Visitor: 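Got a structure for you, questions after.
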Amino acid sequence: MRTSQFPLNTVKETPSDAEIASHQLMIRAGLVRKLAAGLYNWLPLGVRILQKVESIVREEMNNAGALEVLMPVVQPAELWEESGRWEQYGPELARLKDRHGREFCLGPTHEEIITELARNEVKSYKQLPVSYYQIQTKFRDEIRPRFGIMRSREFIMKDAYSFHLTDESLQETYDRMFQAYTNIFSRLGLNFRPVIADTGSIGGNASHEFHVLADSGEDAIAFSTGSDYAANVEKAEALAPSAPRTDANTNLTKVSTPNKRSIEDISAFLNVTTADCLKTLLVKSDDDTVVALLLRGDHELNEIKAEKIEGVSSPLTMASDEDIKNTANCNAGFIGPIGLDIRIIADRSAAKMANFVCGANENDMHYTGVNWGRDLAESTQIEDLRQVVEGDASPDGNGTLTIARGIEVGHIFQLGTKYSEAMKASVLDENGKNQTMTMGCYGIGVTRVIAAAIEQNHDAKGIIWPDALAPFQIALLPMNMHKSERLKDAAEKLYIELQEAGFDVLFDDRKVRPGFMFSDMELIGIPHRIVLGDKGLDNGMVEYRARTDSDNQDIPIEQIIQHLKTNINQ
RNA sequence: CGGGGUGUAGCGCAGCCUGGUAGCGCAACUGCUUUGGGAGCAGUGGGUCGGGAGUUCGAAUCUCUCCACCCCGACCA
């Protein structure tokens with residue numbers, strides 16, 4: 001492709017509303033333009049990258065035996081009512097009516113549609129297992145779209161769904177998909193990790209998220225230093241401290257702590273560590289009463305863990321100021337378990353504390369020297385409530401945890417029969433009996449992969465595409481071609497030869513200054529660059545430079561194609 | 001949804017406090033020069049100052065209202 005035929009819509013200035021590198025660079029490099037909050041136009045250069053991702057995804061899904069389908073963006077409400085999600089889904093589900101007043105939604109995902117498709121098309125166990133996939137636009141009316149393409153409202157997703165007669169069959173396909181995902185992200189040249197994920201309220205046996213590691217990632221992931229264990233921190237289990245509880249060796253004392261509300265204030269005021277303070281959180285229960293959650297002061301509540309506990313409201317809701325006043329008889333900041341006559345759930349670490357500080361259920365007062373079993377009853381319910389922190393023991397018993405940030409680009413999980421049961425998707429088995437199919441689902445955020453790749457691969461000059469994602473593999477830059485007929489001939493000849501050798505080449509035939517070409521090509525991230533100049537031609541040489549290099553290499557012109565073949569990961 | 005902020009040329013911004021009919025840089029276009037790291041000079045075009053209402057002789061500027069966009073929050077009592 002020639003730049004004269006393929007305009008590069010690059011901009012020199014950083015857009016004021018872009019926060020993270022990928023968002024800034026996608027706009028500066030002319031990949032996308034914002035249309036409205038969370039909605040983007042894709043320009044020609046961006047579309048080439050999208051197509052690269054899509055074709056790799058398509059190949060690997062086909063290799064995994066999945067069949068491509070295409071389902072509508074607009075979906076009838078009836079199907080969502082069948083699954084129960086018309087009610088469950090909040091305002092994130094964009095709903096609309098047609099001219100006859102019939103209700104529809106814009107698909108945020110396609111479980112209902114695929115289940116409807118499968119129950120009509122799949123009748124016999126002989127047709128199982130079967131996997132379908134599509135690459136399609138989704139719409140989710142996010143509370144707060146941000147970071148450009150990373151969290152937009154409309155985005156492209158590859159979603160696959162599998163149907164099975166047995167759980168064993170589901171597991172087999174799940175494993176195959178796991179492998180396909182590993183292949184896809186490896187081929188895309190990304191530094192990624194599969195991590196154990198929360199299955200959500202759906203249940204099911206297994207779920208993995210695939211994360212691209214990047215500091216700007218929205219998710220925190222816990223890794224073991226001693227094994228392959230990796231889990232989303234939402235899911236990572238915090239084990240009870242292995243050391244036994246210290247003996248009670250201080251007396252219970254009530255102290256005045258005027259206006260010291262936060263754990264930090266208290267620990268500084270009483271000159272103890274935050275780990276010596278007990279944090280008491282009041283949350284709503286299912287039946288609208290209040291439950292106390294106890295945590296060590298230096299730990300944070302993991303809401304996902306908390307809301308899974310029987311009786312605790314889901315989604316987790318903190319008690320109102322009024323509730324606090326009524327149950328603890330004081331303001332937030334001075335609550336404690338002593339004399340608190342409600343259900344109390346203690347975190348594993350909190351239950352191992354001794355000689356600690358807690359609120360006295362009286363404004364501006366705290367207790368010090370508190371001990372379980374002596375000053376208050378031993379907790380009757382001890383649970384894993386907290387977020388894991390760096391240095392915690394790995395739940396699999398090998399090594400300790402470190403925490404890194406990741407961008408979720410893929411998610412696979414075993415759905416079981418949630419949709420097939422609700423929507424009566426069944427087949428006849430060998431005995432002619434109806435059996436509900438069991439399902440798996442597997443997603444990849446195609447557009448998000450691109451943003452994630454940029455987060456992971458960029459420098460001050462611009463994007464650095466992995467070979468597999470690059471819109472063009474090679475930038476062919478003639479220096480002042482319009483002034484030298486000889487140079488023009490050599491460039492045109494090489495351009496043709498490179499194409500014949502199977503490379504995607506961007507030939508910069510614009511009449512612009514060299515520095516302008518260099519900057520543009522670096523900004524849009526073309527991984528390999530060939531520069532043709534009159535001086536080099538005198539010696540039969542061209543210059544080669546990878547986007548990641550800091551120096552040029554002089555290569556004899558007749559060897560350049562071979563040189564590229566050995567340097568490019570096709 | 002709560003809090004904060006911003007809307008002025010395609011992009012980035014100044015002007016607003018203290019009202020007097022709109023400006024800078026980049027980009028675009030023309031010409032000349034220049035040509036190995038986002039060129040120089042000269043010139044040209046482009047703006048319902050987010051929308052509406054109000055105050056005023058006069059509003060980008062003051063008041064009200066609506067809208068859009070951005071940031072923070074919606075777990076640490």
Side-chain angles (χ1 to χ4, degrees), chain A residues 7-20 23-24 27-28 30 33-39 90-91 143-148 233-234 257 259-267 274 277-284 290 292-307 315-321 323-325 327-328 330-337 340 347 350 358-361 363 366 385-387 461-462 477-484 487 510-524 529 531-536 543 545 552:
Chain A
L8 301 175
N9 304 295
T10 54
V11 289
K12 217 186 307 191
E13 293 184 71
T14 303
S16 61
D17 57 357
E19 287 268 298
I20 60 171
H23 188 192
Q24 294 172 355
I27 287 168
R28 290 227 291 132
R33 294 284 185 255
K34 185 168 79 173
L35 180 65
L39 302 175
I143 299 179
R144 190 176 154 202
R146 64 182 121 180
F147 303 143
V233 291
E234 290 173 351
T257 52
N259 265 321
K260 307 295 177 194
R261 292 162 176 278
S262 71
I263 294 290
E264 285 69 32
D265 288 348
I266 289 290
S267 69
T274 52
C277 301
L278 182 83
K279 182 151 68 178
T280 308
L281 307 177
L282 299 186
V283 300
K284 299 251 192 204
V290 172
L293 304 179
L294 307 184
L295 290 164
R296 215 169 74 185
D298 58 330
H299 287 154
E300 290 186 8
L301 178 67
N302 180 320
E303 281 189 38
I304 304 223
K305 291 176 180 176
E307 68 192 22
L316 192 72
T317 318
M318 301 309 277
S320 65
D321 287 345
D323 290 332
I324 294 174
K325 194 86 197 162
T327 37
C330 64
N331 294 328
F334 304 100
I335 314 168
L340 199 60
D347 178 68
C358 69
N361 297 325
N363 281 343
H366 278 76
L385 289 177
R386 71 175 174 94
Q387 203 89 273
K461 292 172 177 171
L477 310 183
M479 300 289 95
N480 304 309
M481 178 169 76
H482 59 280
K483 288 204 332 197
S484 165
L487 190 66
R510 294 175 296 181
K511 190 179 167 184
V512 296
R513 300 163 67 89
F516 196 91
M517 285 184 182
F518 295 149
S519 302
D520 255 359
M521 295 302 152
E522 282 159 352
L523 176 58
I524 68 176
R529 172 176 106 184
V531 174
L532 280 170
D534 262 318
K535 278 172 252 164
E543 290 161 30
R545 180 153 157 183
N552 293 328

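Note that this is a predicted model, so its numbers are computed, not measured. Just so we're on the same page: letters track the sequence lines, and every chain starts at 1.
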Visitor: For B:rA28, which nucleotide in any strand shown is its Watson-Crick or wobble partner with both distances under 3.5 Å?
Guide: B:rU44

Visitor: For A:D534, enumerate each residue passing the side-chain hydrogen bond (donor to acceptor under 3.5 Å, both in side chains) test, keeping only those at least two apart in sequence or located in another chain.
Guide: A:S484, A:R486

Visitor: May I have the distance from A:E300 (atom CD) to B:rA77 (atom P), rounded to whole angstrom?
Guide: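 That distance rounds to 10 Å.
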
Visitor: May I ask you to evaluate whether A:K34 reaches the phosphate of B:rC70, defined as a side-chain N or O under 4.0 Å from OP1 or OP2?
Guide: yes

Visitor: Would you mind reading off the distance between A:K511 atom NZ and B:rU30 atom P, rounded to a whole angstrom?
Guide: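 A:K511 atom NZ is separated from B:rU30 atom P by 11 Å.
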
Visitor: If I pick the C1' atom on B:rU33 and the same atom on B:rC70, what distance separates them, to the nearest angstrom?
Guide: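 Taking atom C1' in both B:rC70 and B:rU33, they lie 44 Å apart.
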
Visitor: Nearest nucleotide by nearest heavy atom, which residue falls closer to the 5' end of RNA chain B, A:K279 or A:P514?
Guide: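 Closest to the 5' end, via its nearest nucleotide, is A:P514.
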
Visitor: Please report the distance, rounded to the nearest Å, between CG in A:D347 and P in B:rC75.
Guide: 19 Å

Visitor: Which nucleotide sits closest to the side chain of A:N552: B:rG36, B:rG38, B:rA77?
Guide: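 Of the candidates, B:rG36 comes closest.
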
Visitor: What does A:G533 touch in the nucleic acid at a heavy-atom separation under 4.0 angstrom: a base, only the sugar-phosphate, or nothing?
Guide: base

Visitor: Using the C1' atom as the point on both nucleotides, what is the distance between B:rC16 and B:rA60, in whole Å?
Guide: 7 Å

Visitor: Identify, between A:R513 and A:R529, the residue whose nearest nucleotide on RNA chain B lies closer to the 5' end.
Guide: A:R513

Visitor: Partners of A:R510 by salt bridge (Lys or Arg N to Asp or Glu O under 4.0 Å), sequence neighbours excluded?
Guide: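 Partners of A:R510 under the salt bridge (Lys or Arg N to Asp or Glu O under 4.0 Å) test: A:D508, A:D520.
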
Visitor: At under 4.0 Å between heavy atoms, what does A:A319 touch on the DNA or RNA strands: base, sugar-phosphate, or nothing?
Guide: base

Visitor: May I ask you to say what A:V283 touches in the nucleic acid, namely base, sugar-phosphate or nothing, with a heavy-atom cut-off under 4.0 Å?
Guide: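 Here A:V283 touches no strand at all.
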
Visitor: Any donor-acceptor pair under 3.5 Å joining the side chain of A:E543 to the base of B:rG36?
Guide: yes

Visitor: Let me know the distance between CE of A:M479 and P of B:rU34, rounded to the nearest Å.
Guide: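 Taking CE of A:M479 and P of B:rU34, I get 19 Å after rounding.
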
Visitor: The criterion is side chain to side chain contact (heavy atoms under 4.5 Å, CB included); which residues satisfy it with A:P15, sequence neighbours excluded?
Guide: A:D17, A:A18, A:I27, A:R28

Visitor: Rounded to whole angstrom units, what separation is found between the CZ atom of A:R28 and the P atom of B:rC26?
Guide: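 One finds 17 Å between P of B:rC26 and CZ of A:R28, rounded.
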
Visitor: Would you please name every residue forming a side-chain hydrogen bond (donor to acceptor under 3.5 Å, both in side chains) with A:E303, sequence neighbours left out?
Guide: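 side-chain hydrogen bond (donor to acceptor under 3.5 Å, both in side chains) check on A:E303 returns nothing, list empty.
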
Visitor: Choose from B:rG36, B:rC70, B:rC76 the nucleotide whose nearest atom is closest to any side-chain atom of A:N480.
Guide: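 So the side chain of A:N480 is nearest to B:rG36.
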
Visitor: What is the per-nucleotide protein-contact pattern of nucleotides 40-51 of chain B, from the 5' end, where B denotes a base atom under 4.0 Å from a protein heavy atom, S denotes such proximity for sugar-phosphate atoms only, and - denotes neither?
Guide: ------------

Visitor: Rounded to the nearest Å, what distance is computed from the CZ atom of residue A:R33 to the P atom of nucleotide B:rA27?
Guide: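 The answer, rounded to whole Å, is 15 Å.
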
Visitor: Side chain of A:K483, heavy atoms from C-beta onward: which of B:rG36, B:rU35, B:rC76 has the nearest atom to it?
Guide: B:rU35

Visitor: Roughly, in whole Å, what's the span from CE in A:M517 to P in B:rU35?
Guide: 15 Å

Visitor: Using the C1' atom on both, measure B:rA14 against B:rC29 and round to a whole Å.
Guide: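 Taking atom C1' in both B:rA14 and B:rC29, they lie 25 Å apart.
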
Visitor: State which of B:rG37, B:rG36, B:rU35 makes the closest approach to the side chain of A:H482.
Guide: B:rU35

Visitor: Round to the nearest Å and state the distance from A:E19 atom CD to B:rC69 atom P.
Guide: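 It is 16 Å, rounded to the nearest whole Å.
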
Visitor: Give the B/S/- string for nucleotides 1-15 of chain B, one per nucleotide from 5' to 3', where a protein heavy atom under 4.0 Å of the base yields B, of only the sugar-phosphate yields S, and otherwise -.
Guide: ----------BSS--

Visitor: Measure the CE-CE distance between A:M479 and A:M481 for me, rounded to the nearest 0.5 Å.
Guide: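 These two atoms lie 10.0 Å from each other.
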
Visitor: Choose from B:rG38, B:rC75, B:rG37 the nucleotide whose nearest atom is closest to any side-chain atom of A:L523.
Guide: B:rG38

Visitor: Sequence neighbours excluded, which residues qualify as side chain to side chain contact (heavy atoms under 4.5 Å, CB included) partners of A:K461?
Guide: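 With neighbours one apart ignored, the set is A:D459, A:E522, A:R545, A:R547.
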
Visitor: For the side chain of A:A37, starting at C-beta, report the closest nucleotide among B:rC70, B:rA77, B:rC26.
Guide: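 In terms of side-chain proximity for A:A37, the closest of B:rC70, B:rA77, B:rC26 is B:rC70.
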
Visitor: With sequence neighbours excluded, what pairs up with A:D323 under the side-chain hydrogen bond (donor to acceptor under 3.5 Å, both in side chains) test?
Guide: A:K284, A:S320

Visitor: Run the side-chain hydrogen bond (donor to acceptor under 3.5 Å, both in side chains) test against A:T257 and tell me which residues pass, sequence neighbours left out.
Guide: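 A:T257: side-chain hydrogen bond (donor to acceptor under 3.5 Å, both in side chains) contacts with A:H366.
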
Visitor: With both distances kept under 3.5 Å, what pairs with B:rC64, Watson-Crick or G-U wobble?
Guide: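 Pairing partner, where one exists within any strand: B:rG52.
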
